[in-house]
There are 2 protein chains.
Amino acid sequence: MSDSRPSRRQRNAPTINDVARHAGVSPMTVSRVINGEQAVRPATRAKVDATIAALNYAPSAAARSLAGGEEMRIGLLYSNPSASYLSEFLVGSLDQASRSGVHLVVEKWDEQTSVKAVVDHLTRGRIDGVILPPPLCDLEEMVQALAAVNMPAVAVATGRSAGDLAAVRIDDRQAAYEMTRHLIALGHSRIGFIKGNPNQSASTRRLEGYVAALGDAGLAVQDDYIAQGYFTYRSGLDAAEHILALAEPPTAIFASNDDMAAATVAIAHRNGLDVPGDLTVCGFDDTSLATTIWPELTTIRQPISAMSRAAVEVLVQMLRARRSKLEAAPAHLVLDHQLIRRQSDAPPRVRPKAGGRK
Amino acid sequence: MSDSRPSRRQRNAPTINDVARHAGVSPMTVSRVINGEQAVRPATRAKVDATIAALNYAPSAAARSLAGGEEMRIGLLYSNPSASYLSEFLVGSLDQASRSGVHLVVEKWDEQTSVKAVVDHLTRGRIDGVILPPPLCDLEEMVQALAAVNMPAVAVATGRSAGDLAAVRIDDRQAAYEMTRHLIALGHSRIGFIKGNPNQSASTRRLEGYVAALGDAGLAVQDDYIAQGYFTYRSGLDAAEHILALAEPPTAIFASNDDMAAATVAIAHRNGLDVPGDLTVCGFDDTSLATTIWPELTTIRQPISAMSRAAVEVLVQMLRARRSKLEAAPAHLVLDHQLIRRQSDAPPRVRPKAGGRK
DNA sequence: TGGTCAAATGGTAGCGTTATCATTTTCGCG
DNA sequence: CGCGAAAATGATAACGCTACCATTTGACCA
């Protein structure tokens, strides 16, 4: 009766019970020793440690997390499958999730579904926290709905520079500033700008950087050099067409993302302009499109996968803190960007307007 | 008494029991559905699947591996981050991996690393099986290296129509055939073709379909209407330039993927041709690029995420079978494709050459 | 229509660990 | 020397799932 119990154990790995029996203590005591808890007498601890070493025992991670309720599920809610952005984002967060031993649940949000429905779905699905890539991170309704059900969230690449929401981002303003400086340093003084979708706060930061750089260089901001875009290729076509149709068009155009920069290149070509000979074009984000088209785009590299990795890490820490009832201020990480020079920029072919420089 | 049961559960995680209760079946049946076992009636399976989706349930890896099912880790090895393809691929496989309760480990292969090094890495990482998206599925060296270490693999979107390797794909030949028929039905008789990278066997299938459709319509295959491409935008530019420079250029160009079709549109515009007025252009794959550019591309939709989903499922079943020492013939799934008509095709503007029709 | 057998489904008992309490031991101090 | 409190240890019941077998259902044939 003691021998023929129908154990399902495949592997002869020693269990905590084996250790307990050999050491002459209860499994609970062994558990305490393993977890380094205080309430164990040194003598007992030594005995248990010795037995563990002798049996070459290793605790089962599976049983541990089952019993301890340590499993965490974090959701990644995306809405605008901006292809190249998403894939890099996914790779980064997956990697970090696996490292942190957390489950990553990827969820798509169609614009038709109500915010409430998605949040309900997340809640019922035992999601412990959410990562919000753009443009969701700027959707106030979503942020508030999550806050309402007390679900921790991390915004990625938002333009909101601070606040109650944890965030991981780059300094969009500074990056745009640097790119504009770069164009000015090349000799451009007539620089166009294509704005991003106003539903993302990063758009505003980028515009600010552009304006600031012009101002610092003593160049005037010309309103008709600034066109509204929406981060899509299509919107870039319209914006570029508008700017290039001006009587005195700019010699460089800085688009708020790579898609619109690519569209600008297309319009330039259609107008018989050489890029970068007749027109310098640069983008933002360094998505794969930047190196897909010809000429390859000079752009700002956002460390997308590093950002998503960081987002997972931040979220995990928030969840751990919350479990221990600690309340911490929401983290706010700013990662480094980088100006990547490729083939789409050059000094202006024509000399700057007489009087354009002192 | 019913209310105050001392549950240790922190969060209201849906468990297999919740699903079972909601679906009106036993937990065992749910377990069977999750694991894709055979002995479940389709109606029951559907009901359970629906409940799983509704509750957003995902099995607990911990409990599962504790209960005896070993933990499975499957690798997704990608090399050419074809952005839009990858992200859709990831979303599908992630979703299915979560449903099947297996870990998905995403691994990138730089072309510099030796095949041996990657395979070693997988082995040491205790990866039980691998999914190979294109172009890796056609890299004979990789396939053989995996076979050498006895690691199960599933090829996705390969052109190999059969063999020792499990595969999930569409019928590339038939799809290309249909697209070509479509162009012929529109009235085109001078149809150009841009080939895909010869390192992918699907390229050959697509060419075959094109040739077969022309043949069946009694149209001659003109060698100079066929240009070599490599699936990149850049290669598409060259190919399209070549074809459109002919004395009597085609009225339609069928590119082997969307990137090259987009490049063709760019060249056409540069040459002052209207698409589709002067030139019909169509692509293949229906990646996001197809709807990014203007005009949006008529193309063949590959159910990418369904394919990656299926690949995970197939791999899991292979691993299960192998665990039970069963040896089954490698599965070979062919999923349905679809011809998506958008704005890039139209009947030819000029009448077909005299005599071109009876 | 009833009987047979395989397919489909359900019940039960763990898998190895920890949370929670109950119990025992130890030790300080009057 | 004994009392009470704190420290140390133990017993028990989950945690969520699947293996194994028992039971029910449905299909097919006589």
Side-chain angles (χ1 to χ4, degrees), chain A residues 1 4-21 23-48 52 55 57-73 103 125-126 323-324, chain B residues 4-21 23-48 52 55 57-72 98-102 316 320 323-324:
Chain A
M1 187 170 185
S4 66
R5 70 171 168 222
S7 168
R8 236 155 55 205
R9 273 169 60 193
Q10 325 244 31
R11 320 158 67 84
N12 285 30
T15 75
I16 200 173
N17 288 296
D18 298 328
V19 176
R21 195 157 1 92
V25 298
S26 82
M28 243 352 270
T29 302
V30 178
S31 171
R32 291 192 177 97
V33 170
I34 296 168
N35 294 305
E37 283 174 36
Q38 297 308 317
V40 180
R41 204 171 316 169
T44 314
R45 183 184 299 273
K47 193 166 52 178
V48 172
I52 288 178
L55 295 186
Y57 161 81
S60 144
R64 239 178 184 184
S65 64
L66 218 211
E70 283 283 343
E71 277 192 312
M72 275 186 202
R73 304 197 342 144
H103 283 253
R126 176 214 175 193
R323 184 175 301 166
S324 343
Chain B
S4 66
R5 66 166 173 227
S7 169
R8 235 157 54 206
R9 275 166 61 189
Q10 322 248 28
R11 325 207 37 101
N12 289 21
T15 72
I16 201 171
N17 289 298
D18 297 328
V19 175
R21 193 152 11 84
V25 299
S26 81
M28 260 329 287
T29 302
V30 178
S31 171
R32 289 189 180 104
V33 170
I34 295 168
N35 294 308
E37 282 174 36
Q38 298 307 319
V40 179
R41 206 170 314 169
T44 312
R45 182 184 300 271
K47 193 166 52 179
V48 173
I52 288 177
L55 295 186
Y57 162 81
S60 148
R64 158 173 295 187
S65 65
L66 223 207
E70 278 176 55
E71 201 149 324
M72 271 187 204
S98 151
R99 271 193 217 311
S100 305
V102 293
V316 167
R320 270 189 220 295
R323 186 181 296 165
S324 342

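This structure is a prediction, so every number in the text was calculated from the model and none was measured.
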Presence of B:S31 side-chain N/O under 4.0 Å of D:dC17 phosphate oxygens OP1/OP2: no
When rounded to the nearest 0.5 angstrom, what distance separates CE in A:M28 from CD1 in A:I16? 7.5 Å
Tell me which nucleotide among C:dG16, D:dT18, D:dG16 gets nearest to the side chain of A:A67. C:dG16
What distance do A:S65 atom OG and A:M72 atom CE have between them, rounded to the nearest 0.5 Å? 11.5 Å
Dot-bracket for DNA chain D, please. Rules: Watson-Crick or G-U, both distances under 3.5 Å, ( ) within the strand, [ ] when a pair crosses earlier ones, | for another strand, . otherwise. ||||||||||||||||||||||||||||||
Measure from CZ on A:R21 to C1' on D:dA11 and round the result to the nearest Å. 17 Å
For A:R64 and C:dT17, what is the distance between atoms CZ and P respectively, to the nearest whole Å? 8 Å
Categorize A:N35 for me: base, sugar-phosphate, or nothing, with a 4.0 angstrom heavy-atom threshold over every strand shown. sugar-phosphate
If you restrict it to nitrogen or oxygen atoms, what contacts under 3.5 Å exist between nucleotides 5-9 of chain C and the protein, and what is each distance?
from	atom 1	to	atom 2	distance (Å)
C:dA8	O3'	B:R41	NH2	3.3
C:dT9	OP1	B:T44	OG1	2.5
C:dT9	OP2	B:R41	N	3.0

Given atom CG of B:L66 and atom P of C:dT18, what is their separation to the nearest angstrom? 11 Å
Round to a whole Å and report the spacing from CD1 of A:I34 to P of C:dT17. 6 Å
Return the set of residues passing side chain to side chain donor-acceptor pair (under 3.5 Å) with B:S100 (not counting sequence neighbours), or none when no residue passes. B:Q96
Would you mind reading off the distance between A:I16 atom CD1 and C:dG14 atom C1', rounded to a whole angstrom? 17 Å
Set of residues satisfying salt bridge (charged side-chain N to carboxylate O under 4.0 Å, His left out) with respect to B:R41, sequence neighbours excluded: none
With sequence neighbours excluded, residues passing side chain to side chain donor-acceptor pair (under 3.5 Å) with B:R45: none
A:M28 atom CE is separated from C:dT18 atom C1', nearest whole Å, by 6 Å
On DNA chain C, check which nucleotide each of B:A63 and B:G24 is closest to and give me the residue with the more 5' one. B:G24
Let me know the distance between CD of B:E37 and C1' of D:dT18, rounded to the nearest Å. 9 Å
Before giving the answer on side chain to side chain contact (heavy atoms under 4.5 Å, CB included), spell out for A:R32 and A:T44 the whole-Å C-alpha distance, their side-chain angles and the decisive distance to 0.1 Å. CA-CA 11 Å; A:R32 291 192 177 97; A:T44 314; over 6 Å; no
Residue set satisfying salt bridge (charged side-chain N to carboxylate O under 4.0 Å, His left out) with A:R73, at least two apart, ordered chain then number -> none
